[in-house]
Amino acid sequence: MKEKYFPQEIEQKWQKRWAAQKTFEVTEDPTREKFYCLEMLAYTSGRAHIGHVSNFAIGDALAWYKRMRGFNVMHPFGWDAFGQPAETAAIKDGTDPEKFTRDAIAYMKWQFQKMGISYDWSREVATCDPEYYKWNQWFFIRMWERGMLYRKLAPVNWCPREDISLSNEQASGGVCWRCGSPVIQKQLMQWFARITDYADQLLDDLDKLEGKWPDRVIAMQRNWIGRSRGAHVRFKVADSVESIAVFTTRIDTIFGANAIVLAPEHPALEKVLEGKPNRDEVLSFAERLKEQRKTRELEQVEKEGIFTGGYAENPFNNERLPIWIANFVLIEYGTGAIMAVPAGDQRDFEFSRKYHLPFRQIKLTPDGREIPADDLDAPDEDWTTTVNTGEWSGLSSEEANRRMTEHAEARGFGKGAITYKLRDWGISRQRYWGTPVPMIHCERDGIVPVPDDHLPVVLPKGVNLKVEGGSPLDHVPEYVNVTCPKCEGPARRDTDTMDTFVDSTWYYFRYCDPHNDRQPFDPEKIAYWLPVDQYIGGIEHAVLHLIYTRYWTKVMRDLGLVKLDEPIARLLTQGMVNKETYFCPEHEWLFPEQVTEEKTCSICGKAVIAGRVEKMSKSKKNAVDPIEMINIHGADALRLFVLFSGPPDKDKEWSDTGFEGASRYLQRVWRIAYKWRDRIVEASQDRLTIEARELTEYQRKLLRRTHQLIRSITENYEERLHLNTCISSLMELTNEIYTFDQSVEKHHGPTEADVRIAREAIEPLIAMLTPFAPHMSEEMWEAYGHAEDLAVTPWPGFDPELAREEEIEVAVQVNGKLRSRLFASPDASDDDLRSKALADEKVLAATAGQDIVRVIVIPRKLVNVVLK
RNA sequence: GGGGAUGUGGCGGAAUUGGCAGACGCGAAGGUCUCAAAAACCUUUAAGGGUAACCUUGUGUGGGUUCGAUUCCCACCAUCCCCACCA
């Protein structure tokens, strides 16, 4: 052990040794409890960023802890290697996406290895490996065989910037999830996965995740699936055999309807307009609304509509309602038609007011007050009773809903119905760099899957990526032209590739059996390792990856491959690491070193707008490069800093001084460990029993604090995973050791007992530091004469007896205000504490001449004297 | 419009089955060591008052429950995130 701490040297040494000894490689071991610790696979963008550090640091701390607690810990890693950015980059540089991706993997792997994360690299998976995507294709065919996939011409979301179609989830908010460009609609022949068949399961199983997944992720998924219960009601079109179905969650308000409003794309529109004088006017209006939708702006547009000239009959009271079309009714939700009830709905209200449609009163407060039909400010919960609704008047809203739905069913013009916001998952991409769809189109036999023994369908190499329209694969005749597996006649290969989110649905199943060439994985291995015990990743996947992977798991279950409903037992969404930005009105974004102490621009001297903490980005000049940081203070300090600056799920702010602080702390540990090292190693290695009464006060104190802190750190791992407070506790323990060291100096020590006590504190400190600073811990541990690595060393235990306080401080309050403190034994009885408190000088002063009504005693904590 | 969260010193954050608010760190001030500096070590650091022992106020705001509220309840304000003419 050197006198000074040289992080880079130590880190290299241990990274080499771990790799050589295969320290983190694991296999199934039925005799040991497993722990599957997983961080989201990395997209092969080319460079590691600070978000990776945060992600890995959390996962690695937990992996180390569980390993030391004796679990059989699987901690694998892999690459999300297909996708549009690699293709775009390759087009730009005139290279091959494969080369770009392989280079990125090589470089990023080097970066990640410098962080010294305890990954089992033997299980590494890259989704662009044919050995991997072969099984995407295999799943695709199995799902096709079972009708879980279908192909149809449908409007799809299209990102004009990346020239790629997007699933609904990827186009959330009307913008491309990756580049943020506004999405447009395109008609395309696409493969879809029937995820909507699983809507109920995906929703209901969220209950099982309650408390184990972050609330907001569960809420976002619920919201996204968007189940709502209501009814379909058919309105007969007047003077026609046609009828229009409407979806409503509030059938009880149907007496307040003043119109039927259709989406401009509604199929019944043509029939309604038949023979109407303003037919052409309405149709061209509809065209305009459709056009408006295609390039829909993000902000709300004003409600616009037009009367078609047709009427529909309200089946409850046979009232004739005008049929309109309007821009605020969406074809893709419900039935694409609504009944407008201005008294019950903000949008209908606005629409009715604009076009002077009649208002009808239907609301009554519980105390019988009628709410005017045009008073929309009355909150929903205030009107629970219906009025003016025929035979259902006076019923509660809930009751009316139920009975009116029954009535509609009995009369055959309506039915209880459930709708969802969730749409089927469009998984086709007309791009090159993805998993080829393993299907063949034959004129005679239609769509025929590639036989299993011909898998994988391998991506051809050297493909020209710069093609206009369609997929680059369309232009590769030797790929496209095949024989039909059924009739052996000429046929065409499907040239779509799969959405890369297919790749990541099941990659962590593959980690369990990464080299299996007969099946995607051995179900027995899955039975051992799954579910993932702790998953760690970014919140941005709340309704993307995390809903797809839940769906895929259910599909695999229904294919008989796995036996679980939910693949991820616990989820942690880590916060982002942000940093201050500096903005000069003249020179825009500045690096911190371009800002003077007076907060002015060092180039032009103008005042700088400083202090906004934002997500790190190159353009804002506030990005921090992890490798540069490792070169300064080492990976251990970097990891320690990221974890110490806040709870794992919260956003953090990068601070150079904070990072230095982390490094300073490690050096502090190193110094005290170095100082005591020779004494401890040379002393007897037997674990002598320590008789408390033979010890001095400062010795007993260190021993007690050590056991207390082991307890609190251990509990924190088990319960909350607030790693920042674990680190605080380690710092406290370090401070205690320094205090102890000073006492020893003062007593001209060390004595034999001092050395023993020091060892009892320093060794647990080193061991418990491992999850945060594994390289340094291993180095110190070795220097302390341990033959075995920390990776196989048990987590320190604590003795509750030794952790027990000898004397505790009890707060004394008078009327809830702190007046004094007293010292007592932890087992002091309530009466003891009570009489001690009442005898206290300050209490006597505060209570002088007043009546004591009660005395409340909380054992070991406080006494409250209540006056008057 | 719907949903989810958050609000504590100069800063990051501790403390939650209701029981001493501010652990730990950063920053700052003073000191020791040194020719000097760095590092390290020691002391102080919520605000206001007092020479001092101490006193008063204080966890976004206003109420409530309680012997006692950062914690529970109600209302409000502010900030952030997600979804959104979703019927």
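Please read all numbers here as calculations on a predicted model, not as lab measurements. Reminder, nothing fancy here: chain letters follow the sequence lines and each chain counts from 1.
- Looking at which nucleotide of RNA chain B each of A:Val865 and A:Met339 is closest to, the 5′-most match is held by A:Val865.
- Look at CD1 on A:Ile539: it is 14 Å from P on B:rG4, rounded to the nearest Å.
- Whole-Å rounding puts the A:Asn223 CG to B:rG3 C1' distance at 5 Å.
- Comparing the C1' positions of B:rC80 and B:rU71 gives a spacing of 22 Å, expressed to the nearest Å.
- Using cut-offs of 30° and 60° on the angle between ring planes, the pair A:Phe641 and A:Trp654 is perpendicular.
- When rounded to the nearest whole Å, the span between CZ of A:Phe659 and P of B:rC11 equals 24 Å.
- Of the P atoms belonging to B:rU16 and B:rA21, the separation is 14 Å, rounded to the nearest Å.
- The side chain of A:Asn735 places an N or O atom within less than 4.0 Å of a non-bridging phosphate oxygen (OP1 or OP2) of B:rG25.
- Backbone-only engagement by A:Arg819 is indicated by non-hydrogen atom pairs under 4.0 Å involving sugar-phosphate atoms exclusively.
- Interface remark: the A:Asn864 side chain does form a donor-acceptor pair with the B:rC67 base, using a distance-only criterion of under 3.5 Å.
- Heavy atoms of A:Val329 sit under 4.0 angstrom from at least one base atom.
- Residue A:Arg671 places at least one side-chain N or O under 4.0 Å from the OP1 or OP2 atom of B:rC41.
- We find that OH of A:Tyr333 is positioned 16 Å from P of B:rG2, with the value rounded to whole Å.
- B:rU45 sits 37 Å from B:rA78 when the P atoms are compared, rounded to a whole Å.
- Note on A:Lys421: a base of the nucleic acid sits closer than 4.0 angstrom, heavy atoms only.
- Counting all heavy atoms, side chain and backbone alike, A:Ile418 lies closest to A:Arg227 at CG2-CG, 3.5 Å.
- Rounded to whole angstrom, the span from the CG atom of A:Asp348 across to the C1' atom of B:rC86 amounts to 13 Å.
- Ion pairing between a basic and an acidic side chain is recognised when a charged N comes within 4.0 Å of a carboxylate O; A:Glu805 and A:Arg704 show such pairing.
- Taking 4.0 angstrom as the limit, A:Gln221 places none of its side-chain polar atoms (N or O) nearer than this to OP1 or OP2 of B:rC83.
- Relative orientation of the A:Phe349 and A:Phe359 rings is perpendicular, given thresholds of 30° and 60° on the angle between their planes.
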- [ ] Evaluate the side-chain hydrogen bond (donor to acceptor under 3.5 Å, both in side chains) criterion for residues A:Asp649 and A:Gln574: first the C-alpha distance (whole Å), next the side-chain angles of each, then the deciding distance (0.1 Å), finally the verdict.
- [x] CA-CA 4 Å; A:Asp649 55 337; A:Gln574 101 263 17; over 6 Å; no
Check: protein-nucleotides 13-16 of chain B nitrogen or oxygen pairs below 3.5 Å:
unit_1, atom_1, unit_2, atom_2, d
B:rG13, O3', A:Asn724, ND2, 3.3
B:rA14, OP1, A:Asn724, ND2, 3.2
B:rA15, OP1, A:Arg720, NH1, 3.0
B:rA15, OP1, A:Arg720, NH2, 2.6

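- If you check B:rC67, B:rA5, B:rC24 against the side chain of A:Asp215, the one that comes closest is B:rA5.
- Residues A:Arg216 and A:Thr419 both approach RNA chain B. Their nearest nucleotides, taken by heavy-atom distance, put A:Arg216 toward the 5′ side.
- Rounded to whole angstrom, the span from the NE2 atom of A:His545 across to the P atom of B:rC82 amounts to 19 Å.
- In B:rG64 the base sits anti relative to the sugar, since the glycosidic angle is further than 90° from 0.
- Of the options A:Arg671, A:Lys675, A:Arg668, a salt bridge (Lys or Arg N to Asp or Glu O under 4.0 Å) to A:Asp741 is made by A:Lys675 and by none of the others.
- The CD atom of A:Glu653 sits 16 Å away from the P atom of B:rC80 (whole-angstrom rounding).
- Scanning all heavy atoms of the two residues, the minimum distance from A:His266 to A:Gly336 falls at CD2-O, 3.2 Å.
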Task: 5'-to-3' dot-bracket of RNA chain B (Watson-Crick, G-U; under 3.5 angstrom; crossing pairs as [ ]; | other strand) - done: (((((((..(((......[....)))((((((.......))))))((((....))))..(((((..]....))))))))))))....
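- Proximity note for A:Ser172 (side chain, C-beta onward) versus B:rA84, B:rA23, B:rC86: the nearest is B:rA84.
- For A:Ile856, taking side-chain heavy atoms from C-beta onward, the closest of the listed nucleotides B:rA87, B:rG27, B:rC67 is B:rC67.
- Within the 4.0 angstrom heavy-atom criterion, no nucleotide atom of any strand lies near A:Gln667.
- Using a 4.0 Å heavy-atom criterion, one finds that A:Thr335 contacts no nucleic acid atom at all.
- The side chain of A:Arg347 approaches B:rA87 more closely than any other nucleotide in the set B:rC24, B:rG3, B:rA87.
- Counting non-hydrogen atoms under 4.0 angstrom, A:Arg668 reaches the backbone sugars and phosphates but no base.
- Nucleotides B:rA14 and B:rG63 are separated by 29 Å at their C1' atoms, to the nearest Å.
- As rounded to whole Å, 11 Å separates atom P of B:rA69 from atom CG of A:Asn815.
- Nucleic acid contact class of A:Glu660 (heavy atoms, under 4.0 Å, all strands): none.
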